[in-house]
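Contents: one structure, followed by commentary.
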Amino acid sequence: MKPSARIFVADDHPLYLEAMVTGLTRQLPDAEVTTADNYLDLFDVLNSSADDLDLLVMDLLMPGSSGNSGLYFLRRHFPELPIIVVSAHDDLAERNQCLALGAAAFISKSAAPATLFEVVEQILEGCYEYSEPKAVSPEPESYQRLASLTPSQFKVLHLIAAGHTNKEIAERLNISEKTVKTHITAIFSKLGVSNRTQAALLLSDESN
């Protein structure tokens with residue numbers, strides 16, 4: 001039987017992830033809920049099946065994540081996929097920036113689970129207006145440069161930022177070291193940087 005909805009949940013906290021999955025499957029028994037606990041696995045799923053997903057629920061701060069710049073990238077490359085951001089860092093500025101960058105909703109992890117499930121149901125019922133990410137004040141130029149990367153280049157950049165060598169990146173992504181070097185050359189050119197440290201800073205928003 002075809003699921004009523006396909007929901008992808010990405011969070012690196014095992015207990016919270018389990019609680020979300022349990023709650024969602026109880027609230028929406030006909031839905032298909034799949035998970036990832038790191039950014040690269042999330043990105044692999046989006047690259048292969050984003051068109052089949054109805055909703056993404058994600059924590060920005062996972063291994064391999066890039067905070068708000070990562071959200072900007074996702075919304076630029078997957079504009080039709082509603083994204084609910086869940087975060088332990090709940091302050092007004094963070095909430096407003098996530099919404100401005102294209103999140104369908106921002107839910108604090110301290111909120112009652114029913115709050116998240118209610119928002120999920122509203123979005124799945126169509127109570128969501130698709131829109132382009134709005135400009136933040138000011139919109140960091142680095143976001144635009146990061147968004148110019150291909151999905152494969154973006155994954156390589158995440159692994160660079162995590163301190164992996166070219167050999168380790170090749171093994172993680174199942175590609176050759178020559179391909180890794182080609183990606184890195186393109187990444188440096190698009191980001192306007194000359195070394196791995198500068199590239200990693202752009203990804204972490206620390207250069208803004």
Side-chain angles (χ1 to χ4, degrees), residues 3-28 31-90 94-95 97-99 101-111 113-124 128 130 133 143 146-147 149-162 164 172-173 203-205:
S4 60
R6 289 186 171 90
I7 304 170
F8 197 81
V9 182
D11 195 290
D12 68 316
H13 295 86
L15 293 179
Y16 190 81
L17 182 61
E18 181 181 359
M20 277 201 290
V21 172
T22 299
L24 287 169
T25 52
R26 183 181 297 123
Q27 190 83 4
L28 302 164
E32 177 183 283
V33 182
T34 51
T35 67
D37 62 3
N38 64 80
Y39 199 94
L40 289 180
D41 286 348
L42 161 63
F43 214 75
D44 284 341
V45 170
L46 293 182
N47 283 334
S48 64
S49 57
D51 290 342
D52 296 326
L53 295 175
D54 297 294
L55 177 64
L56 169 61
V57 182
M58 67 174 292
D59 187 346
L60 292 182
L61 300 179
M62 295 185 295
S65 75
S66 56
N68 292 330
S69 60
L71 172 61
Y72 184 90
F73 183 88
L74 289 177
R75 289 295 290 118
R76 289 293 183 184
H77 283 263
F78 308 100
E80 297 301 312
L81 178 63
I83 300 173
I84 296 177
V85 172
V86 291
S87 178
H89 302 282
D90 182 14
E94 179 74 4
R95 177 187 297 267
Q97 187 172 54
C98 285
L99 294 175
L101 290 173
F106 181 100
I107 306 294
S108 171
K109 285 190 172 182
S110 63
T115 301
L116 171 63
F117 304 147
E118 181 180 353
V119 172
V120 167
E121 286 192 295
Q122 289 175 350
I123 291 176
L124 293 177
Y128 170 67
Y130 294 95
Y143 285 8
L146 287 167
L149 300 179
T150 67
S152 294
Q153 291 165 357
F154 202 64
K155 289 197 291 185
V156 170
L157 177 58
H158 276 285
L159 291 172
I160 289 174
H164 292 283
R172 172 65 177 82
L173 299 181
L203 187 66
S204 66
D205 295 335

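These values consider heavy atoms only, across backbone and side chains, with no hydrogens, waters or symmetry-generated copies.
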Checklist entry - Which class fits the ring pair F43 and F73: parallel under 30°, tilted 30 to 60°, perpendicular over 60°? => result tilted

Checklist entry - Which pair of heavy atoms, one from R76 and one from A147, lies closest together, and at what distance? => result CG-CB, 4.1 Å

Next on the checklist: Any heavy-atom pair between the side chains of Y16 and V86 that's under 4.5 Å?
Outcome noted: yes

Checklist entry - Do R75 side-chain atoms and L101 backbone N/O form a donor-acceptor pair below 3.5 Å? => result no

Next on the checklist: Do F117 and L28 make a side-chain contact, defined as non-hydrogen atoms from C-beta onward lying under 4.5 Å apart?
Outcome noted: no

Item to check | Verdict with reasoning, L159 to L40, per side chain to side chain contact (heavy atoms under 4.5 Å, CB included) | outcome: CA-CA 9 Å; L159 291 172; L40 289 180; 3.3 Å; yes

Next on the checklist: I'd like to know whether Q27 forms a side chain to side chain contact (heavy atoms under 4.5 Å, CB included) with E121, so could you lay out the CA-CA distance, the side-chain angles of the two residues, the decisive distance to 0.1 Å, and finally the verdict.
Outcome noted: CA-CA 9 Å; Q27 190 83 4; E121 286 192 295; 3.2 Å; yes

Checklist outcome for this item: Of all heavy-atom pairs linking I84 and V119, the shortest is CD1-CG1, 3.8 Å

Checklist entry - Can you tell me how far the CG atom of L124 sits from the CZ atom of R6, to the nearest 0.5 Å? => result 12.5 Å

Checklist entry - With V120, which of T115, I107, D54, L24 fulfils side-chain contact (heavy atoms from CB on, under 4.5 Å)? => result L24

Item to check | Test item: E94 and F106 side chains (from C-beta on) under 4.5 Å apart, heavy atoms | outcome: yes

Checklist entry - With a 3.5 Å cut-off and no angle check, do the side chains of T150 and S152 form a donor-acceptor pair? => result no

Next on the checklist: Please report the interatomic distance CD(Q153) to CG(L146), rounded to the nearest 0.5 Å.
Outcome noted: 11.0 Å

Checklist entry - When you look at CG of D52, are more than 12 heavy atoms from neighbouring residues, nucleotides or ligands closer to it than 6.0 Å? => result yes

Checklist entry - Distance from D44 atom CG to L173 atom CG, nearest 0.5 Å? => result 8.0 Å

Checklist entry - Nearest 0.5 Å, what's the OG-NE2 distance between S110 and H89? => result 12.0 Å

Item to check | L46 backbone acceptor or donor facing S49 side chain under 3.5 Å | outcome: no

Item to check | CA sep, side-chain torsions, deciding dist, call: V45, D41, side chain to side chain contact (heavy atoms under 4.5 Å, CB included) | outcome: CA-CA 6 Å; V45 170; D41 286 348; 5.9 Å; no

Item to check | Non-hydrogen atoms of P82 and A104 that approach each other most closely | outcome: CB-CB, 4.3 Å

Checklist entry - Should L60 and S87 count as side-chain neighbours, where that means a heavy-atom distance under 4.5 Å? => result no

Next on the checklist: With side chain to side chain contact (heavy atoms under 4.5 Å, CB included) as the criterion, how do F78 and I83 come out once you've worked through the C-alpha distance, each side chain's angles and the decisive distance to 0.1 Å?
Outcome noted: CA-CA 10 Å; F78 308 100; I83 300 173; over 6 Å; no

Next on the checklist: Other residues, nucleotides and ligands only: do more than 12 of their heavy atoms fall within 6.0 Å of NE2 on H13?
Outcome noted: no

Item to check | Nearest non-hydrogen partners of Y143 and S69, listed with the distance | outcome: CE1-CB, 3.5 Å

Item to check | Point-to-point distance, once rounded to the nearest 0.5 Å, from CD1 of I123 to CG of L55 | outcome: 5.5 Å

Next on the checklist: I'd like to check Y39 versus M58 (side-chain heavy atoms, cut-off strictly below 4.5 Å). Are they in contact?
Outcome noted: yes

Next on the checklist: For the backbone of M62 and the side chain of D59, can you confirm whether one donor and one acceptor N or O come within less than 3.5 Å of each other?
Outcome noted: no

Checklist entry - Which heavy atom in A103 sits nearest to a heavy atom in V85, and how many Å separate them? => result CB-CG2, 3.9 Å

Checklist entry - Could you state the interatomic distance from OG1 (T35) to CD1 (I7), rounded to the nearest 0.5 Å? => result 12.5 Å

